[in-house]
Amino acid sequence: MREIFAGLPWWVKWVAVPVIALVVFGGLIATVVGIVIGLLFKVLLFVALVGGLIYIVRKFMSGSASRGDW
């Protein structure tokens, strides 16, 4: 592989090849990035909802404990 790229100008190695790779694999890259971002959003939403639930339950339990038995 090095022999192939050795005689080429710098702009072919650093501009043309990455652009061709983006054109060929652009849809795949966009799909993978979209899936990762969607998964991170769902994980953050899950953590926020569970944290809110724990906060509400602890708030309710501490409030009901101070009232005594009813």
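These figures come from a predicted structure and were not determined experimentally.
Not counting sequence neighbours, the partners of Ile54 by the side chain to side chain contact (heavy atoms under 4.5 Å, CB included) test are Val50, Arg58. Here Leu22 pairs with Ile29 under the side chain to side chain contact (heavy atoms under 4.5 Å, CB included) rule; sequence neighbours left out. Residues that satisfy the side chain to side chain contact (heavy atoms under 4.5 Å, CB included) test with Ile20, not counting sequence neighbours, are Val24.
Using a 4.5 Å cut-off between side-chain heavy atoms of Ile, Leu, Val, Met, Phe, Trp and Tyr, with links allowed through other members, Trp10 and Ile4 fall into the same hydrophobic cluster. Using a 4.5 Å cut-off between side-chain heavy atoms of Ile, Leu, Val, Met, Phe, Trp and Tyr, with links allowed through other members, Leu44 and Leu39 fall into different hydrophobic clusters. Hydrophobic clustering places Phe25 together with Val32 (ILVMFWY residues linked when any side-chain heavy atoms are closer than 4.5 Å, directly or through intermediates).
Each of Leu40, Val33, Ile35 was scored for a side chain to side chain contact (heavy atoms under 4.5 Å, CB included) with Ile37, with one residue passing: Val33.
Taking CZ from Phe5 and CH2 from Trp14, the interatomic distance works out to 10.0 Å, rounded to the nearest 0.5 Å.
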